[in-house]
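Right, one structure below, let's go through it.
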Amino acid sequence: MDVIGFVKKDYLLVISAILAVISLFLVPFDTVMTYNYGSIIETICTLLFFLLIVAGLKECNALNKLAHKAITNINTTRALCLALIFLPFFCSMLFSNDVALLTFVPLAIAILTMAGLKGTTIIVVVLQTVAANVGSSLTPFGNPHNLYIYNLHDTYGFTLWDYEMALIPIVAVGAAALIVMAMMIKNRPLTVDIEQNTELQNKNVLIVLAALFVLAIISVLDIIPYYITLIVIVLAFLIMMPKVFVKVNYSILFIFFFLFVFANGLTNMDSVHNMLLDLMDWDPMLTTVIASQFTSNVPSTILLQPFTDDWMAVVVGADIGGFGTPIASMASIISIKIYLQEKDSSIKDYLKVFLIVNIVMLVVLIPTYYIFN
């Protein structure tokens with residue numbers, strides 16, 4: 001792949017790397033060495049657990065099998081759309097919003113085309129994206145910024161129960177809003193039989209993958225040190241599925257590290273430090289939401305977290321901040337890129353629906369935080 005092709009394919013990686021390098025010239029080297037690299041390394045290793053496990057599940061055709069089960073015996077177009085929308089909602093809780101969309105958006109487009117429902121593609125893909133962002137908020141490993149904050153639970157002194165109680169209202173209200181919007185999709189009998197290749201492969205491997213997934217969750221909960229889990233999972237895949245290592249998209253791991261370096265560089269600049277401190281003193285949740293619209297919710301979390309003791313405001317602000325502009329969440333960019341690969345796709349039509357739906361989510365979820373906080 002040439003340089004231009006690489007930049008087009010992984011422009012977020014390139015941008016984050018450039019920003020990280022620039023930040024190294026903004027602060028003294030001694031300051032760079034004092035960054036809390038332990039937290040970012042733990043987060044990156046944990047993300048790697050789930051990336052490998054999901055890649056293994058894809059090799060076994062398990063996620064396609066799950067999708068087939070979800071749409072079996074569906075006989076109306078609205079029910080089909082609801083099933084396609086809530087697949088990433090639930091799967092993002094376990095495998096992250098990015099992975100859920102990479103798996104189920106292409107599948108939804110193919111199924112809708114097969115069923116003669118191409119006219120609903122945009123609204124279904126947009127609602128899938130929203131569903132993945134809502135569902136991923138529920139668990140610490142649902143998205144990178146949640147995991148980053150959760151890995152600081154010893155610093156902030158909160159428990160898994162505290163985390164869930166902070167996010168459940170957002171997820172519940174978000175799910176209700178999704179259902180209301182999905183019910184606006186025109187309903188009629190589904191006359192096409194949806195056929196998918198859903199034969200499971202390597203069924204014995206699936207048992208091992210399930211055990212590794214449980215081990216990864218136990219590691220997130222700090223019952224087992226993450227480095228022991230890393231060794232076990234890497235060795236397991238080297239033995240049973242070594243080819244999986246070349247099928248994992250490692251760019252998200254590097255992006256996360258580069259954004260960590262960049263954010264720490266900014267926060268160690270006096271002028272930026274004072275400005276962010278004032279904003280976070282004003283309203284940490286709303287500041288995180290606003291910052292996410294321009295920088296996306298992952299870097300805004302890393303950037304703003306050091307300026308407040310209110311971890312709940314940051315994590316909820318980042319989750320709500322994933323709605324709004326297309327760059328507010330990397331998951332939204334993934335869906336757009338997949339949709340634009342389709343023939344006769346229209347970025348103008350897509351963005352119109354996307355912005356309307358995302359504004360609705362902001363209008364609904366921002367008050368939800370203040371009501372339940």
Task: Contact list for residues 338-366, test ring-ring contact (aromatic ring centres under 6.0 Å, His included), sequence neighbours left out - done: Tyr339-Tyr350
Test of understanding: clusters of I, L, V, M, F, W, Y form through side-chain heavy atoms closer than 4.5 Å, transitively. Do [X] and [Y] belong to the same one?
{"X": "Leu51", "Y": "Val214", "value": "yes"}
{"X": "Ile239", "Y": "Val205", "value": "no"}
{"X": "Val130", "Y": "Val180", "value": "no"}
{"X": "Val171", "Y": "Val363", "value": "no"}
{"X": "Val232", "Y": "Ile218", "value": "yes"}

Task: Candidate pair His153 and Thr159, rule side-chain contact (heavy atoms from CB on, under 4.5 Å), full reasoning - done: CA-CA 7 Å; His153 62 271; Thr159 64; over 6 Å; no
Is there a donor-acceptor contact under 3.5 Å from the side chain of [X] to the main chain of [Y]?
{"X": "Tyr150", "Y": "Thr139", "result": "no"}
{"X": "Ser292", "Y": "Gly322", "result": "no"}
{"X": "Gln128", "Y": "Leu84", "result": "yes"}

Minimum heavy-atom distance [X]-[Y], with the two atoms named:
{"X": "Cys60", "Y": "Met241", "answer": "SG-CE, 4.5 Å"}
{"X": "Ala131", "Y": "Leu178", "answer": "CA-CD1, 3.5 Å"}
{"X": "Ala166", "Y": "Val316", "answer": "O-CG2, 4.0 Å"}
{"X": "Ala79", "Y": "Asn187", "answer": "N-OD1, 4.5 Å"}

Open item on the list: Quick one, Gln305 with Val315, criterion side-chain contact (heavy atoms from CB on, under 4.5 Å). Give me CA distance, side-chain angles, the key distance, then yes/no.
Closed with: CA-CA 9 Å; Gln305 167 268 319; Val315 73; over 6 Å; no
Contact between [X] and [Y] at the side-chain level, heavy atoms closer than 4.5 Å - yes or no?
{"X": "Leu13", "Y": "Phe258", "result": "yes"}
{"X": "Val357", "Y": "Phe323", "result": "no"}
{"X": "Cys91", "Y": "Phe104", "result": "yes"}
{"X": "Asn358", "Y": "Leu362", "result": "no"}
{"X": "Met361", "Y": "Ile320", "result": "no"}
{"X": "Leu160", "Y": "Pro140", "result": "yes"}
{"X": "Thr287", "Y": "Phe307", "result": "no"}
{"X": "Ser219", "Y": "Leu215", "result": "no"}

Task: Plane angle bin for Phe141 and Phe213 - parallel if under 30°, tilted between 30 and 60°, otherwise perpendicular - done: perpendicular
TODO: Look at the aromatic rings of Tyr163 and Trp311 and report parallel, tilted or perpendicular, splitting at 30° and 60°.
DONE: parallel
How many angstroms lie between atom [atom1] of [X] and atom [atom2] of [Y], to the nearest 0.5 angstrom?
{"X": "Ile44", "Y": "Tyr226", "atom1": "CD1", "atom2": "OH", "value": "10.0 Å"}
{"X": "Ile149", "Y": "Asn143", "atom1": "CD1", "atom2": "CG", "value": "10.5 Å"}
{"X": "Met312", "Y": "Asp162", "atom1": "CE", "atom2": "CG", "value": "7.0 Å"}
{"X": "Leu212", "Y": "Leu57", "atom1": "CG", "atom2": "CG", "value": "10.0 Å"}
{"X": "Ile168", "Y": "Trp161", "atom1": "CD1", "atom2": "CH2", "value": "6.5 Å"}
{"X": "Leu277", "Y": "Leu304", "atom1": "CG", "atom2": "CG", "value": "11.0 Å"}

Tell me, yes or no, whether the heavy-atom count around [X] atom [atom1], taken from other residues, nucleotides or ligands under 6.0 Å, exceeds 12.
{"X": "Trp282", "atom1": "CH2", "result": "yes"}
{"X": "Tyr37", "atom1": "OH", "result": "yes"}
{"X": "Phe29", "atom1": "CZ", "result": "no"}
{"X": "Phe254", "atom1": "CZ", "result": "no"}
{"X": "Phe294", "atom1": "CZ", "result": "no"}

- [ ] May I ask you to check whether Tyr369 and Asp319 show a side-chain donor-acceptor distance below 3.5 Å?
- [x] no
Task: Residue list, side chain to side chain donor-acceptor pair (under 3.5 Å) with Asn133, at least two apart or on another chain - done: Asn97, Ser329
TODO: Just grab all the side-chain hydrogen bond (donor to acceptor under 3.5 Å, both in side chains) pairs involving residues 251-260, residues at least two apart or on different chains.
DONE: Asn249-Ser251
TODO: Start with the C-alpha distance between Ser300 and Asn297, add both sets of side-chain angles, then the distance that settles side-chain hydrogen bond (donor to acceptor under 3.5 Å, both in side chains), and finish with yes or no.
DONE: CA-CA 5 Å; Ser300 68; Asn297 51 9; over 6 Å; no
Task: Check ion pair Glu59-Lys247 (N to O, under 4.0 angstrom) - done: yes
Task: Near-ring test Tyr148/His145, centroid separation under 6.0 angstrom - done: no
TODO: Could you walk me through whether Val173 and Val134 pass side-chain contact (heavy atoms from CB on, under 4.5 Å), step by step?
DONE: CA-CA 9 Å; Val173 174; Val134 173; over 6 Å; no
Open item on the list: Given Met285, which partner from the list Asn373, Val314, Asp310, Ile366 fulfils the side chain to side chain contact (heavy atoms under 4.5 Å, CB included) test?
Closed with: Ile366
Open item on the list: Under the side chain to side chain contact (heavy atoms under 4.5 Å, CB included) test against Leu112, which residue among Val124, Leu107, Thr77 passes?
Closed with: Val124
- [ ] Test side-chain contact (heavy atoms from CB on, under 4.5 Å) on Thr229 and Thr46 and set out the steps.
- [x] CA-CA 9 Å; Thr229 303; Thr46 307; over 6 Å; no
